[in-house]
K.L.:
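Got a structure here, written out as structure tokens. Questions coming.
Below, read A as the first sequence line, B as the second, and so on, with proteins coming before strands; counting in each chain starts at 1. These numbers were taken from a predicted model, which means no experiment stands behind them.
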Number of protein chains: 2
Amino acid sequence: MMTTIKDIAQRAGVSYSTVSKALNNSPLVKKETKEKILTLAKELGYEPNYAAQQLVSKQSKVIGLIWPTLERMAPSILVTKINEEISKRGYSMILSINSIDSSLEVFKRSQVDGIILFDEESHKMIDPSPHSIPLVTYGVSTNKTIPVIDVNYQDAMFKAVSYLVTLGHTKISFIGDFSPIDDRQVEKYIGFEKAMEAFNLQTNSYNFINTAGLTWYDGYVATKRLLNTSYQPTAIIGASYDISAGIIRALRESNFIIPKDLSVIGYDNIPQMANLEIPLTSIGVPIEEIAKKIVQTLFELINSLDILTPNIILEPVLNERSSCAQVVSAYQDK
Amino acid sequence: MMTTIKDIAQRAGVSYSTVSKALNNSPLVKKETKEKILTLAKELGYEPNYAAQQLVSKQSKVIGLIWPTLERMAPSILVTKINEEISKRGYSMILSINSIDSSLEVFKRSQVDGIILFDEESHKMIDPSPHSIPLVTYGVSTNKTIPVIDVNYQDAMFKAVSYLVTLGHTKISFIGDFSPIDDRQVEKYIGFEKAMEAFNLQTNSYNFINTAGLTWYDGYVATKRLLNTSYQPTAIIGASYDISAGIIRALRESNFIIPKDLSVIGYDNIPQMANLEIPLTSIGVPIEEIAKKIVQTLFELINSLDILTPNIILEPVLNERSSCAQVVSAYQDK
DNA sequence: TTGAAAGCGATACCAA
DNA sequence: TTGGTATCGCTTTCAA
């Protein structure tokens, strides 16, 4: 059987309330008594019963993260960062990969102090029961009842296009996943479309290349397809890290030199962007910032400093590396 | 404040022990009383306090899985399967991506009933303290104190080579990651070497191609490298799913027809194997079986049916699909 | 069929 | 400095 503070008290010849104090390093206990108790605790292999502690303290010091779609590379870096942020605050993080409902159930059982919800599609139907656990979600803002940390994807695409226009580009193709299941991807697409319009750039089907997937290979294949057409863009925007990697690989295979022959700009600001064959200029909110904001908002909610920040939209920034160049004017004017 | 069984008892005009029984659907409570209590509980938005339940029942019905290296695609399918197995038994699973030590700490806090440890390198230093939580690990057997579920990787490679030999192949190349950090990969390598020896097949450096990585691209590059040599293997063994995907892509790009020109066999038995451009013949322990065995062993430990099964080595099976063919004898004899 | 009461393991307050 | 005791919310005998 587990040893309890009572066992220790008995052996030490003191009351168990004294043991409790000693174990919590209370200044109210004489040094010698404390030492005796601590040694004894170690001897007996004492381990605190967290259920009992939680019962009285009403805190577990753990945060739950719901991540129903485990099989996605991109967020895994975010999850790692969030984990770090949470650790910094003396809390721990546990993950559940079940459906939202059952995850919520487990987390209640585990008595987590707060919940972060990662959802690709729809967190529209979560019922935020009144006395429930503090919860924030990361995703496209749709719900007004729970705080959402979000990225301004449309603005990201606007900034990307704007940057390319500054460099003289007018023939810009967007390669991304247009499937309506992922709101984030759709936002990027819309943002690109709007930006092209805003800059009065003509578009046709060659400007919108649908990868119908988010993997590297999807980007690769889509790029090959684009290259086989008569349209010759001077710049390509890749909608995600993986897709951009595929774009670069396809271009190099076709002997395009980046950025001399073609400029490429990718979405996302994960460190790996710099480790591609060509250091990729990218647009996006730094992953650390997203992690920080999510965790910060959750803790504000836990400490209920204020619940006045329902939706937080993070602004993307441009990260110049070396995959974009000025359009050579000789080509520019016919 | 949260509503408790006492609140319900008061409103219902019964004792709180009756409420407890009703909530647990005890047959000792009259139907009408039960119904009244249940309705009232719903009305008041009653949620059980799990810490209190655990304190008395000494069970949390949750299993913890420690997975320090989140960024690996392959195991993520295994994790999903394990999660399913655990759910079947009425338990839940939570994940921790922290270091082993801190994960152990969180799981004690969360009062999990059992722990599964996924470790790539060394679970040699875990101290299995006497009164601790039941624990099994998935990995290469090294430790005698805690049960390990493992795969016979050497045998897998033996069976792969054996199968190819049956088809008449003698020039077989192994493409895999030789880095010593991952014991699993090393085992495959050794298994291949031993098998070639066992069948008296000559080997040189062209038979062992080091990808120095486990991604698709690593396999792709390694294959290209092999193809540029004078050695013309008739069969290739890919050490992992991702690597095999890269192999296939490289071969197709170089206009090899699989399996007419070259046979390919991959390691791993995840369902995706069939979804590659060419349905890939593969060797490995079905991922479901691994998941089942891990969970089963853990529950035996939890219920301490017997602790007599310290190490379990699963036997790989061959899965014929359509990436291997008989060597045409005309080529065979010089 | 229901109620009273003990106890799970720890914290915290008030007395001594 | 220490000890006694109430309490957290629930399960589980044992009586009624």
K.L.:
With the side chain counted from C-beta on, respond yes when Asp7(A) and Thr4(A) share a heavy-atom pair under 4.5 Å apart, and no when they do not.
P.N.:
yes
K.L.:
Between P on dC10(D) and CD on Gln54(A), what's the gap in Å once rounded to a whole number?
P.N.:
14 Å
K.L.:
Starting at CD of Gln59(B) and ending at P of dT11(D), how long is that distance when rounded to a whole Å?
P.N.:
13 Å
K.L.:
When all nucleic acid strands are considered with a 4.0 Å heavy-atom cut-off, which category describes Lys21(A): base, sugar-phosphate, or nothing?
P.N.:
base
K.L.:
Rounding to a whole Å, what distance do you find between Leu23(A):CG and dG9(C):P?
P.N.:
15 Å
K.L.:
For Ser102(A) versus Asn98(A), what's the shortest heavy-atom pair and its separation?
P.N.:
OG-CB, 3.6 Å
K.L.:
Considering all heavy atoms of both residues, which atom of Ala22(A) and which atom of Val29(A) are nearest to each other, and what is their separation?
P.N.:
N-CG2, 3.9 Å
K.L.:
Do any of residues 26-41 of chain A sit with a heavy atom less than 4.0 Å from DNA chain D, and if so which?
P.N.:
Leu28(A), Val29(A), Lys30(A), Thr33(A)
K.L.:
Expressed in angstrom and rounded to an integer, what is the separation of Asn25(B) atom CG from dT11(D) atom C1'?
P.N.:
15 Å
K.L.:
Base, sugar-phosphate, or nothing for Ser20(A), non-hydrogen atoms under 4.0 angstrom?
P.N.:
base
K.L.:
Could you check Thr18(B) against Leu55(B) and say which one's nearest nucleotide on DNA chain D is further toward the 5' end?
P.N.:
Leu55(B)
K.L.:
Measure the distance from CD on Gln10(A) to P on dG9(C) and round it to the nearest whole Å.
P.N.:
14 Å
K.L.:
Specify the closest pair of heavy atoms between Ala12(B) and Lys36(B), including all atoms of both residues, with the distance to one decimal.
P.N.:
O-NZ, 3.5 Å
K.L.:
Quick one: pull up CD1 in Ile86(A) and NZ in Lys88(A) and give me the separation to the nearest 0.5 Å.
P.N.:
11.5 Å
K.L.:
Using the six-membered ring of Phe299(B), assess whether NZ or CZ of Arg89(B) lies under 6.0 Å from its centre and within 45 degrees of the ring axis.
P.N.:
yes
K.L.:
I'd like to know if Ser17(B) reaches the base of dA4(C) with its side chain, counting only an N/O donor and acceptor under 3.5 Å.
P.N.:
yes
K.L.:
What is the distance, to the nearest angstrom, from the CD1 atom on Ile5(B) to the P atom on dT7(D)?
P.N.:
16 Å
K.L.:
For Tyr16(A) and dT5(D), give me the distance from atom OH to atom P, rounded to whole Å.
P.N.:
9 Å
K.L.:
Please report the closest heavy-atom contact between Thr137(A) and Ile146(A), naming both atoms and the distance.
P.N.:
CG2-CD1, 3.7 Å
K.L.:
Looking at every strand, decide which applies to Tyr46(A) at a 4.0 Å heavy-atom threshold: base, sugar-phosphate, or nothing.
P.N.:
sugar-phosphate
K.L.:
Using atom CG of Asn24(B) as one end and atom P of dT12(D) as the other, report the distance to the nearest whole Å.
P.N.:
7 Å
K.L.:
State whether Gln53(B) places a side-chain N or O below 4.0 Å from either non-bridging phosphate oxygen (OP1 or OP2) of dT11(D).
P.N.:
yes
K.L.:
Report the residue (Lys6(A) or Val56(A)) whose heavy-atom-nearest nucleotide on DNA chain C is the more 5′ of the two.
P.N.:
Lys6(A)
K.L.:
Can you check whether Thr4(B) has a side-chain N or O nearer than 4.0 Å to OP1 or OP2 of dG9(D)?
P.N.:
no
K.L.:
For dC8(C), does OP1 or OP2 lie under 4.0 Å from any side-chain N or O of Asn49(A)?
P.N.:
no
